[in-house]
Chemist: 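Pasting a structure here, questions to come.
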Amino acid sequence: MVSALPTVASSPLAWTAQSLATQLWQLSPTDAVALDIDTLRCWGDDQADPIAAWQPKTLGLPAIHALAEAIRDRLDRGPGFCLVRGMAAGQARWLQRLTYLAVGSALGEVLENYGRLYDVKDRDVCYRTQAVPVSMTRESTGFHTDSSARAVKPDYIALLCLQPGQFGGENRLCSAVTVRNYLVRTAPDALELLHQPLIRDVVTPGADRDLSRIRANAFPIFEPAGPFMFRYMRYWIETGHRRAEMPLSPHQIAALDALDEALEQPSHIHRLRMAKGDQLWVNNRCLAHDRTAYIDDPGNPRTMVRLWVQRALTSR
């Protein structure tokens, strides 16, 4: 049978769209943060490549560190996400990126599996016919968590909005803790299967995709023991099992259907639309996120910048 829910289930992480009305999930940069951004600008002006040159201890930046702690509080002890409105809005794009990197560095170790900062934009490719992540397309991602690699588990993921899409591109968030509670009540047999390892396809650009590597890339959607962890993207599970020549059983498919139904419950979903300069920070262990399909302005394409962070061991 399914193990008892971890204590996190009774925390603010177990939210519904209605309960979010009483939780704090937005922040705005203060005047002190603006001064730190100006410090970053002065430093960056002297660098050939500020993003490459940046190190966590390069500058003090006390206000940005205080902002990072407020973000961390919302990610770990609040609803699991935080939207920082208009951070460095109106500044040069390199400074927006550098400010964003400085916040991420204050939260933990920045993971560079896709590079230090990764531009999320349409690259005129198709994830259904090519081994590329959905982030390289303009299609809806469906509810998921970032990273389909067993050994790569970013605690926090974030997006910086440099340019929203012309139409669409809305962000959707869902508490995986709430979803698990829902499945305990409505589909406990399905939940039991979701605690068992499932194969994921290997999609990191440049990674070896041989059969043995794909078969080894297996882990549960819900971690059955220890701290709460949810890791999901259905498409890569389906393609992983197909490529591994180990088809999903009818019971496993039914369990995934039950999970998708729970994720898509309107009462479980919070929607938001990012504007220029906004930073969206998400707890990648406890929340699922989604981006709706979008249409670009050909002359000014939608551009988000993604960042993955492994939080410090002392904050786990």
Chemist: Apply side-chain contact (heavy atoms from CB on, under 4.5 Å) to the pair Val120 and Thr303, showing each step before the final yes or no.
Modeler: CA-CA 6 Å; Val120 177; Thr303 304; over 6 Å; no
Chemist: Sort and list the pairs that fulfil side chain to side chain donor-acceptor pair (under 3.5 Å) and have at least one residue in residues 254-263, not counting sequence neighbours.
Modeler: Tyr182-Glu261, Tyr232-Asp260, Arg234-Asp257, Arg234-Asp260, Glu261-Gln265
Chemist: Using only atom types and a distance under 3.5 Å, with no angle test, would you say the side chain of His144 pairs donor to acceptor with the backbone of Gly142?
Modeler: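 Answer holds: yes.
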Chemist: For the side chain of Thr178 and the backbone of Trp15, is there at least one donor-acceptor N/O pair under 3.5 Å apart?
Modeler: yes
Chemist: Should Cys174 and His268 be marked as a side-chain contact (heavy atoms from CB on, under 4.5 Å) after you check the CA-CA gap, both sets of side-chain angles, and the distance that decides it?
Modeler: CA-CA 6 Å; Cys174 181; His268 295 166; 3.8 Å; yes
Chemist: Does Leu95 belong to the same Ile/Leu/Val/Met/Phe/Trp/Tyr cluster as Met87, with side-chain heavy atoms less than 4.5 Å apart forming each link?
Modeler: yes
Chemist: Just verifying a value: how many Å separate Leu159 CG and Ile157 CD1, rounded to the nearest 0.5 Å?
Modeler: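 If I round to the nearest 0.5 Å, the distance is 6.0 Å.
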Chemist: I'd like to know if Phe219 and Met246 are part of one continuous hydrophobic network [Ile/Leu/Val/Met/Phe/Trp/Tyr, side-chain heavy atoms within less than 4.5 Å].
Modeler: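 No, no single cluster joins them.
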Chemist: Could you tell me which non-hydrogen atom of Pro266 sits nearest to which non-hydrogen atom of Ala17, and how far apart they are?
Modeler: O-CB, 4.3 Å
Chemist: Treat each ILVMFWY residue as a node, draw an edge where side-chain heavy atoms are under 4.5 Å apart, and state whether Phe222 and Val184 are in one component.
Modeler: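 Yes, same cluster.
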Chemist: Leu98 vs Trp43, test: side-chain contact (heavy atoms from CB on, under 4.5 Å). Steps then yes/no.
Modeler: CA-CA 10 Å; Leu98 182 60; Trp43 174 83; 3.9 Å; yes
Chemist: Measuring from Leu59:CG to Cys42:SG, what's the distance to the nearest 0.5 Å?
Modeler: 10.0 Å
Chemist: Kindly give the heavy-atom pair with the smallest separation between Leu194 and Leu256, and that separation in Å.
Modeler: CD2-CD2, 4.0 Å
Chemist: If we ignore hydrogens and angles and just use 3.5 Å, is the side chain of Ser249 paired with the main-chain N or O of Pro247 as donor and acceptor?
Modeler: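 Checking the backbone N and O of Pro247 against the side chain of Ser249, no donor-acceptor pair under 3.5 Å is found.
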Chemist: Distance check, rounded to the nearest 0.5 Å: Arg77 atom CZ versus Asn283 atom CG?
Modeler: 11.0 Å
Chemist: Between Ala244 and Ile214, what is the shortest heavy-atom contact and its length?
Modeler: CB-CG2, 4.2 Å
Chemist: Could you list all the side chain to side chain donor-acceptor pair (under 3.5 Å) pairs where at least one residue sits in residues 51-67, not counting sequence neighbours?
Modeler: Trp54-Ser105
Chemist: Same cluster or not: are Leu280 and Leu111 linked, directly or through other Ile, Leu, Val, Met, Phe, Trp or Tyr residues, by side-chain heavy atoms under 4.5 angstrom apart?
Modeler: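 In one cluster: yes.
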Chemist: Checking Trp308 against Asn113: is there a side-chain donor and acceptor pair closer than 3.5 Å?
Modeler: no
Chemist: Minimum heavy-atom separation for Asn181 and Ala14, please, with both atom names.
Modeler: ND2-CB, 4.2 Å
Chemist: Just by distance, do the side chain of Arg116 and the backbone of Ile51 share a donor-acceptor pair under 3.5 Å?
Modeler: yes
Chemist: Do Trp25 and Pro79 make a side-chain contact, defined as non-hydrogen atoms from C-beta onward lying under 4.5 Å apart?
Modeler: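 In contact.
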Chemist: Using modelled atom types and a 3.5 Å cut-off, is there a donor and acceptor pairing between side-chain atoms of Ser175 and backbone atoms of Leu13?
Modeler: yes
Chemist: Under 3.5 Å, side chain of Arg243 to main-chain N/O of Val202, donor-acceptor pair present?
Modeler: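 Not confirmed, Arg243 side chain does not pair with Val202 backbone.
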Chemist: Output the distance between atom CG (Leu248) and atom CG (Leu198), rounded to the nearest 0.5 Å.
Modeler: 6.5 Å
Chemist: Under 6.0 Å from the ring centre and within 45 degrees of the ring axis: does the NZ or CZ of Arg285 meet both conditions for the six-membered ring of Phe230?
Modeler: no
Chemist: With respect to Phe143, which candidate in Val179, Ile269, Leu173, Leu287 satisfies the side chain to side chain contact (heavy atoms under 4.5 Å, CB included) definition?
Modeler: Ile269
Chemist: Report yes or no: is the cationic atom of Arg306 (NZ for Lys, CZ for Arg) closer than 6.0 Å to the six-membered ring centre of Tyr114, at no more than 45° off its axis?
Modeler: yes
Chemist: Are Met304 and Leu162 close enough that some pair of their side-chain heavy atoms sits under 4.5 Å apart?
Modeler: no
Chemist: With sequence neighbours excluded, tell me which residues meet side chain to side chain donor-acceptor pair (under 3.5 Å) with Arg242.
Modeler: none
Chemist: Please list all pairs passing the salt bridge (charged side-chain N to carboxylate O under 4.0 Å, His left out) test where one or both residues lie in residues 264-284, with sequence neighbours left out.
Modeler: Arg85-Asp278, Glu170-Arg271, Arg172-Glu264
Chemist: Using only atom types and a distance under 3.5 Å, with no angle test, would you say the side chain of Asp155 pairs donor to acceptor with the backbone of Gln310?
Modeler: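 A pair under 3.5 Å: no.
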Chemist: Side chains of Phe228 and Glu223: closer than 4.5 Å at any heavy-atom pair?
Modeler: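 Contact flag for Phe228/Glu223 side chains = no.
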Chemist: With a 6.0 Å cut-off on ring centres, are Phe81 and His270 close enough?
Modeler: yes
Chemist: So which atom in Pro12 and which in Gln23 form the shortest heavy-atom distance, rounded to 0.1 Å?
Modeler: CB-NE2, 3.1 Å
Chemist: Would Arg74 and Leu24 count as a side-chain contact (heavy atoms from CB on, under 4.5 Å) if you check the C-alpha gap in whole Å, the side-chain angles of each, and the deciding distance to 0.1 Å?
Modeler: CA-CA 7 Å; Arg74 285 154 177 79; Leu24 298 176; 4.0 Å; yes
Chemist: Is Leu183 linked to Met229 within one hydrophobic cluster, defined over Ile, Leu, Val, Met, Phe, Trp and Tyr using a side-chain heavy-atom separation of less than 4.5 Å?
Modeler: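 Unlinked, Leu183 and Met229 end up in two clusters.
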Chemist: Looking only at heavy atoms, which two atoms of Ala288 and Leu263 are closest? And how far apart?
Modeler: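 Shortest heavy-atom separation between Ala288 and Leu263 comes out as CB-CD2, 4.0 Å.
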Chemist: Does any part of the side chain of Leu67, heavy atoms only, come nearer than 4.5 Å to the side chain of Leu27, both counted from C-beta?
Modeler: yes
Chemist: Ile71 versus Val103: any side-chain heavy-atom pair under 4.5 Å?
Modeler: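 Counting from C-beta outward, Ile71 and Val103 do come under 4.5 Å.
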Chemist: Are Asp76 and Arg311 close enough, and set up right, to give a salt bridge (Lys or Arg N to Asp or Glu O under 4.0 Å), and what steps lead you there?
Modeler: CA-CA 10 Å; Asp76 292 345; Arg311 62 189 175 192; 2.9 Å; yes
Chemist: Please examine the side chains of Ile221 and Arg231, heavy atoms only from C-beta on, and report whether any two atoms are closer than 4.5 Å.
Modeler: no
Chemist: Applying side chain to side chain donor-acceptor pair (under 3.5 Å), which residue pairs with at least one partner in residues 87-101 are found, sequence neighbours left out?
Modeler: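 Listed by first then second residue: Arg97-Asp119.
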Chemist: Who passes salt bridge (charged side-chain N to carboxylate O under 4.0 Å, His left out) against Asp49, sequence neighbours left out?
Modeler: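 Partners of Asp49 under the salt bridge (charged side-chain N to carboxylate O under 4.0 Å, His left out) test: none.
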Chemist: Do Asp146 and His289 have side chains that get closer than 4.5 Å, going by heavy atoms?
Modeler: yes
Chemist: Look at Arg213 together with Asp210 and state whether they make a salt bridge at an N to O cut-off of under 4.0 Å.
Modeler: no
Chemist: Working to the nearest 0.5 angstrom, can you tell me the gap between Ile199 CD1 and Asn217 CG?
Modeler: 8.5 Å
Chemist: Atom NE2 of His241 and atom OG1 of Thr239: how far apart are they, to the nearest 0.5 Å?
Modeler: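 Answer for the NE2-OG1 pair, His241 versus Thr239, is 9.5 Å.
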Chemist: Does any donor atom in the side chain of Gln279 or Trp281 lie under 3.5 Å from an acceptor atom in the other side chain?
Modeler: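 Note: Gln279 and Trp281 side chains meet the donor-acceptor criterion.
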Chemist: Hey, does Asp45 have a side-chain heavy atom less than 4.5 Å from the side chain of Arg41?
Modeler: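 Answer yes - side chains close enough.
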